[in-house]
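Structure first, commentary second.
Each ligand, and each atom within it, is numbered from 1 in the order the structure gives.
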Amino acid sequence: MLDWEELIGACSGCQRCSLGSTRKNIVVGRGNVNAPLLFIGEGPGEQEDKQGLPFVGPAGKLLDTLLDALEIGKDQYYIANVVKCRPPGNRVPLDDEAEKCLPYLRNQVYLIKPRIIVCLGATAMKYIVDKDARITQIRGTWIERKGYWIMPTFHPAALLRDESKKILMWQDMKKVKQRLDELCQNKID
Ligand code: URA
């Protein structure tokens, strides 16, 4: 496994797949590298590609609002994506692109050692939890794997398209907040 400096260096020059030739910037992640909570999205969009940071466009703004409402502070999470380069036109990453990029994400998980992983949407769920599961069926349920508590929920962009999902994601994230508080409390005791 690489340390952070090596990992960022490896990502910066990455040409493992064709997304390397169309990206403006690589989007590794942002947040506290020692956080108990890791969010995993799908891949950078237009704004993220421009700024080199994940979840800074409309979906990110919605996620920020949700996290503020839940009083989950910026020091409590790190946020990354399945793929580190923008797929053209914001299409879903191809299997081959995701598979080539996943070692970087695994390396990030190894370095951060989060207690909780939230999969934002079907793509993160597919590569982290189960490639055959359906997000509408498994969202909101805890999966314990290799010492991590994993919560699949909707991608915030899905809420922008369908407001009825807001309440469901809110319920899922309340569970995350509750477990986060429990785990952080236990650390202090
Ligand atoms: N959607 C994602 O999945 N990731 C981002 O970084 C931005 C939008």
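- Remark: aromatic rings of Phe39 and His155 are distant, center separation not under 6.0 Å.
- Using cut-offs of 30° and 60° for the angle between ring planes, the Tyr78 and Trp4 rings count as tilted.
- Remark: Arg16 qualifies as a cation-pi partner of Tyr104 under the 6.0 Å distance and 45° angle criteria applied to the six-membered ring.
- Ion pairing between a basic and an acidic side chain is recognised when a charged N comes within 4.0 Å of a carboxylate O; Asp181 and Lys177 show such pairing.
- Close approach of ligand 1 to His155 is summarised as follows: ligand atoms under 4.0 Å from at least one heavy atom of the residue are 1 (N), 2 (C), 3 (O).
- Of all atoms in ligand 1, numbered sequentially from 1 with element shown, those under 4.0 Å from a heavy atom of Gly41 are 3 (O).
- For atom 8 (C) of ligand 1, the nearest non-hydrogen atom from the set Gly57, Ala124, Gly43 belongs to Gly43.
- The SG atom of Cys11 sits 6.5 Å away from the CD atom of Gln108 when rounded to the nearest 0.5 Å.
- Not one N or O of Gly45 is nearer than 3.5 Å to an N or O of ligand 1, by distance alone.
- Of all atoms in ligand 1, listed by their number and element, those nearer than 4.0 Å to a heavy atom of Pro54 are 6 (O).
- Cation-pi geometry between Lys113 and Tyr110 is met: under 6.0 angstrom from the ring centre, within 45 degrees of the axis.
- Distances below 4.0 Å separate heavy atoms of Glu42 from the following atoms of ligand 1: 2 (C), 3 (O).
- The nearest heavy-atom contact from the protein to atom 4 (N) of ligand 1 is Asn81 OD1, 2.8 Å.
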